[in-house]
Structures are given as C-alpha cells and as structure tokens.
Number of protein chains: 2
Amino acid sequence: MKKKYTIADIATMAGVSKGTVDRVIHKRGKVSKKAHEKITKILKEIDYQPNLVARNLKKNKTYRLLVLIPDPEKDPYWAPCLEGINTASQEFQAFGVMIETFLFDPSSTRSFNARSKEVLKNKPDGVVFVPLFYKESLTFTEYCKKNSITLATFNSSINSNNARSFIGQDLHKSGRVAGGLLHMLLPGKKHLAVVHMDEIYQNAIHMQEKEKGFRDYFDGLEQKHQIITHKIPEKDIRKIRKSVRGFLETYPEVSGVFVTTSKAYLLAEALPETDTRIRLVGYDLIEKNLECLDSGHIDFLIHQNPRQQAYLGVSYLSEYFAFDKKIPDNKLLPIDIITAENYTHYLE
Amino acid sequence: MKKKYTIADIATMAGVSKGTVDRVIHKRGKVSKKAHEKITKILKEIDYQPNLVARNLKKNKTYRLLVLIPDPEKDPYWAPCLEGINTASQEFQAFGVMIETFLFDPSSTRSFNARSKEVLKNKPDGVVFVPLFYKESLTFTEYCKKNSITLATFNSSINSNNARSFIGQDLHKSGRVAGGLLHMLLPGKKHLAVVHMDEIYQNAIHMQEKEKGFRDYFDGLEQKHQIITHKIPEKDIRKIRKSVRGFLETYPEVSGVFVTTSKAYLLAEALPETDTRIRLVGYDLIEKNLECLDSGHIDFLIHQNPRQQAYLGVSYLSEYFAFDKKIPDNKLLPIDIITAENYTHYLE
DNA sequence: TTGTAGGCGTTATCAT
DNA sequence: ATGATAACGCCTACAA
C-alpha cells in the first residue's frame, strides 16, 4: 500500500520549501545544484505522482473544443458521431471542457471551407475533424499548427504531422476481412466482384484501399479467383438497376459481391429476383443496410464504428486539456463483423 | 457559451452565504423556507453543475477497490482481464483510487471462499468480482451489502440486488449469432451439433443459455434442422478424440458444430482428417483457438471481450468513488464475430 | 536562489 | 438558521 506524497511532504523531506520542489518538478531553473539533486533523488525514490485533481483545479481554465464533421442530414453515416460527441461532451464539461459541433456538407468543398473558417474564427484550444477533402484539410491543419490549435482527426487520415492523433480503421485489412467472409460463404465459387457505389465526394482512396485488401486476400489463396471491379456512380435507382443488370449479364458466374461503400442496400434493391442469390458484403450500420440484413439480402456488414471514432477523438483531446494526458498518435479500431443477429448491440 | 457558476456566484445572487447554498445542495436542512426556495430556483435556472474537481480535491479520500477474479494461470481466458484492470488502475490512481487484484482457482469453491475472505478482511470501499459460484457468491454479496461495500460483477450475473452493476454479454443472443453463422456457412445442410466441452467448474447455466439461443435461431427458420447435443467433460485428448469419433460415427450427417465453451480447439484437434471438413464455431480469443482460426480448423469465434468487461467494472466503481458518477446497472457488450482476418485488432 | 502567501471551488467546522 | 473561515494539493507571484 503506497502512501500518496504531496509537494509539502517532499519539501519537508528535502529540507526545503514547496516552491523549490515545484521549480524542480517543472524545470523552471533557479535552483541550486545541491537542492536540485536532493529533490530529484527523492522524487525518483517515492515515484512522485502529482495530484491531477489539484493541478486541474488550480489551472481552473475552461477549454474550447470544436468538432467539424459532415452533416448527418446529408449522409446518415455520420449520425452516430453526434451521439459519441454528446457522450464525451457530458463527461468532460464537469472538467471544464466545452464542446461545440460544426457540420459541413460532405459533397461540397466550399461548405467545408466555410465551416472551417468559422471554426478558426472561434479560436478554439482544440479541433477534432474529419479531413474528407485532402487539399483543403491540409491548409486547415497548417493554419491550426500556426495558431497552436491541437488537432485530432478521425475516419480519414491525413498525411500531415500537424495533427496529433488519428482514429480510424485499417481499410486494407477490412477489405481482407470482407474477402475472408465471401470466401467462407462461397467455398467452391471462383467469380467475385468489387463494386464501388455512389460516391459523390472524395473517398476514392478509401475504396481503393478496401479493394486492394480484398484482392490481396484472394491472391494469398492457392485456388485462383477471378475478381471483377465495377463502378456505379449513379444515384438513380433505375440507372443503378440497369448498371447491375448489365454487369451480371456480362459476368453471369459472379456469385459474391463486395460493396466498398455504405450503399450496399442500393445494390441489394437493384438485384434481380432470381433464386440463386448473390452473396453480399458491405459497410456500415445505416438503417437501409440493416433492413437488408434482416431480409437476408445482405449477408455481412463491416462496422466502422463512427460513434466510437468521434467519441475517442473528443475524449483524447479533452483528457489532454483537462489532465495533461498524452494523446495517442494512432488508434485503429477493430473491424467489427455484423450479421442480422448481432447488430443491435452495436447500435448502443 | 455557458458560464460556469460556482457556489460563491449563487450565494451572491441569492444574497446569502456559501454555507447556506451548500446546505441546500446537500439537503442538510437548517435552512429557512425563504432561502431554500430562492436558492433552489436559482440552481434550476442556471442548471448548476458542481465542479467535480474541486469536490474531489476537498474530499481528498483514497478509495480501496479490490478485484476478485479467476487465476489466468488456471484458465487463460482470464488473462486479458488483468490488462483491463491495469489500464483502469493507471487511469484512476491519479484520482485517489487504489486497485488490487485477488486471484482464485476457478475449479475450486474453497479457493474462492478463501480469497473472498481475504478481500473482506481488507475492508475495501468497493469490490469488482466474477460470481462463478452461485451460492458462495450470494453469501459474499450479502456480507458486502451489510458492510456497505459497493459491488460490481462481470462475466457472470448473479440474481441479487446487492450488486450495483453487471457487465457481460447476452448469452442467449450469442447462441443465436452462432446459429446464424453456421447457417450461412452451411446453407443446404440440416444436421448440426452443440458440444459442451471440458467445463470443470460451474458455468453449466452459461452453456445452456447459449444452446437455447442456438436452437432458438433454427426454430425460427422455415426449414427444420436436426440439432444434437453432445457433452465432453474429459480433459484428456485421447478420450476426447474417442468421444468425438463416437458421436461422428453415430451422426455422420453432422456438418457443423457449435462449441459453447472456449475449448473449441480441443474439438478441432480431435477431428479426423477427412476432406469433408466440419464447420466449427466457438468462443474466446485464446491462443490455441487463434491457431485454429489461422489453420482453418475453426471458422468463427465469438469474442466475449473479458478485457473490456474487467476494465468497465473497475472504471464504473472508480468513477463512482472519484466523481460521484452513477453506476450503470447493466452493460451488455456487443457480440463480436471473429475470423482469421480480424482477430488481431481485438487483442489490442 | 529561496520562502511565503494567497487562491482555485467545495466542504466541514465553528461561532454567531 | 446563517455566515465566516480553514483546508484539500498545486501553482504563481512576490518578497526576501
């Protein structure tokens, strides 16, 4: 059972005053060599841990933390993020961290630029954001760096050392997971397809990473598989149906499809009602996908846990401000496999 | 932007002193009706949130939190719990919560009794424990209730209102999940088996719940399935092999097996090396099961996340002590589906 | 270079 | 019934 030592304790032990101990702890200098040595020795011996509560109380600062994410009204994928942000917000407001959320239109770089300017105008202590647009995000991070605003990103990473933290998923791995699942569902079959659906905004890199992982999985097998890539940029259900019909007619042997976006339900709806069902693996627990799980039109979904991503991003920065905690550089969340039977628990 | 109100602020607003405000907040009485009304009104208006940091500093108590779990040396399933406990321990020691762990032999009620007595001798403020043995655990919780020791349980629940919190999984649901997986793997096949393996200590109820869920899933299908239940209590690999051979000979049509314990690898090892592979779904990310995932002898594992269970148990009580947070009654963790491709991320 | 004297917000005690 | 005051541990400013 360890005793809790305070600065006063240490001061007594070293025969000096609290002020001197404090100077040593914070390396403020103006301490004689003798005193310095003595105090450092004691600090090590007792493994001094400062009382974070007292430190925080003294600082008595309130921090402003802003979150900049896509608007869930434009894409329901982001809805759980708001929950995660609210949870974190409630947790940390008692510790003086004030959190506000700004939403931008994920299909418009203009919207991103406008909202990010607003964010900066607020002069926050920290920002958590989704760097959906590469170029614009880089500009943003540079500005933050200059104004010493602490940054964390989630969902997408950005190749910049201006951001302190990234929270997301290993997309290549998640493609492999999808490959493994389809392989299990279709042991004999050798014809598969990767479909990139309806992605108006720029996450082409995301989809490519997933496809690479998917192909990587099958490349590692002894038995060789033929994998077709098909892009469906349309949003209109009739056009999609036409596109799907076309590619199924060209490759009638295809028995399993991996949809690299959250729009697997669109493919499911567009499939012809034949008895030889196409096996389908997609992404994200949005309402329409869940319905397809229930009806059996989608077999597996991969969950990227946007809620947790947002929650962690906000928590990391909050703990950094409130308790001087170190911010983890990278946090890769597990690649959750979802079926009709287990999705409820992931909706929280 | 909300201002942070302090008790001093409220006192000024109400034209009274801090002491009176404090008495109202803590319902200590000895306050005139007039003052009481005025202060309560203000409290509501400004939605007063006490500064938890200051409160904690003032209390300046150190809490003792003991954890009582099975020894990972006897059953590797419990190893991740220690990690979870350590993580929580590091997080909360700065807030004055001291955590210690006691291990018992999961095959011996005597061991449990002995260790739980030790725990009680320590007069802790709170205990997090795994109620593996029903009767003994009840006695334990009653004693804790009497001595006002706050309790949280994980892994197993116990039907007692003496424990404040339970963290675990919906076992019935997890059986359903297993059913869904085997059904996907074996669309045409109609002969399956539930195998209860090598459970020396009492979690028969666990296994039954899982089996019920599994059968429940198939009962809900149009196509009727035949499901055999088989028990293998032996630990010796040769006896197991004999038992497995016996039941496969009796039911040669069985093509999928659901093992309700963490011992699926034992079944995998005992299976004859025939080409028509039996599909296998089991529980828990222990080393030997992971090897079987890699080699393809096990198809899916269900992850019960013991690490997180332990972490949450300790966190809940720590936050309760340190910050007066409410303890959630029940926390059901998601039923994670694990394949050879995604297990690494779950090992942390 | 060193020591001392407040103060952060809350709570407990003591006097009024 | 109420108000003043000290204390929790840390930090800062100022005095020595």
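Every chain is numbered from 1 and lettered A, B, ... according to where its sequence line falls, protein lines coming before strand lines.
- Looking at Glu91(B) and Tyr311(B), their side chains do bring a donor and an acceptor atom within 3.5 Å of each other.
- Judged by the 6.0 Å distance and 45° axis criteria, Arg164(B) is not positioned over the aromatic ring of Tyr316(B).
- Between Lys58(B) atom NZ and dA12(C) atom P there is a gap of 7 Å when expressed in whole angstrom units.
- Distance CD1 (Ile7(A)) to C1' (dT4(C)): 15 Å, rounded to an integer number of Å.
- Within the 4.0 angstrom heavy-atom criterion, no nucleotide atom of any strand lies near Val53(B).
- A distance of 6.0 Å or more separates the ring centres of Tyr5(B) and Tyr48(B).
- Of the side-chain N and O atoms in Thr6(B), none sit less than 4.0 angstrom from OP1 or OP2 of dG9(C).
- Taking the six-membered ring for Trp and thresholds of 30 and 60 degrees, Tyr63(A) and Phe321(A) have nearly parallel ring planes, at less than 30 degrees apart.
- The residue Lys18(A) sits close to a base: some heavy atom pair falls under 4.0 Å.
- Comparing the start and finish of the helix from dT1(C)-dA16(D) to dT16(C)-dA1(D), five pairs each, the helix axis swings through 60°, to the nearest 10 degrees.
- Between Arg115(B) and Glu118(B) there is a salt bridge, since at least one side-chain N of the basic residue sits less than 4.0 Å from a carboxylate O of the acidic one.
- In plain terms, the two heavy atoms of Asp125(B) and Thr62(B) that are nearest each other are OD2-O, 4.2 Å.
- Between Tyr346(B) and His303(B), the angle of the ring planes goes over 60°, which puts this pair in the perpendicular group of the 30/60° scheme.
- Proximity of residues 23-44 of chain A to DNA chain D (heavy atom under 4.0 angstrom from any strand atom) is restricted to His26(A), Arg28(A).
- Counting any heavy atom pair closer than 4.0 Å across all strands shown, Leu57(B) reaches a base atom.
- A 4.0 Å heavy-atom criterion places the boundary nucleotides of DNA chain D facing chain A at dG9(D) to dT12(D), written 5' to 3'.
- Side-chain atoms of Asn147(B) do not come within 3.5 Å of backbone N or O of Cys144(B) as any donor-acceptor pair.
- In this structure, Gln169(A) contributes its side chain and Pro334(A) its backbone to a donor-acceptor pair below 3.5 Å.
- Using modelled atom types, one side-chain atom of Gln309(A) and one backbone atom of Asn155(A) make a donor-acceptor pair closer than 3.5 Å.
- Atom CG in Asp22(B) sits roughly 8 Å away from atom C1' in dA12(C) (whole-Å rounding).
- One interatomic measurement links the two molecules: NZ of Lys61(B) to C1' of dT11(C), which rounds to 15 Å at whole-angstrom precision.
- Contact between the side-chain N/O atoms of Tyr48(B) and the OP1/OP2 oxygens of dG9(C) is not found at any separation under 4.0 Å.
- The minimum heavy-atom distance linking Gly29(A) with Arg23(A) is given by the pair O-CD, 3.8 Å.
- Note on Asn51(B): only backbone sugar-phosphate atoms sit closer than 4.0 angstrom, heavy atoms only; bases stay farther off.
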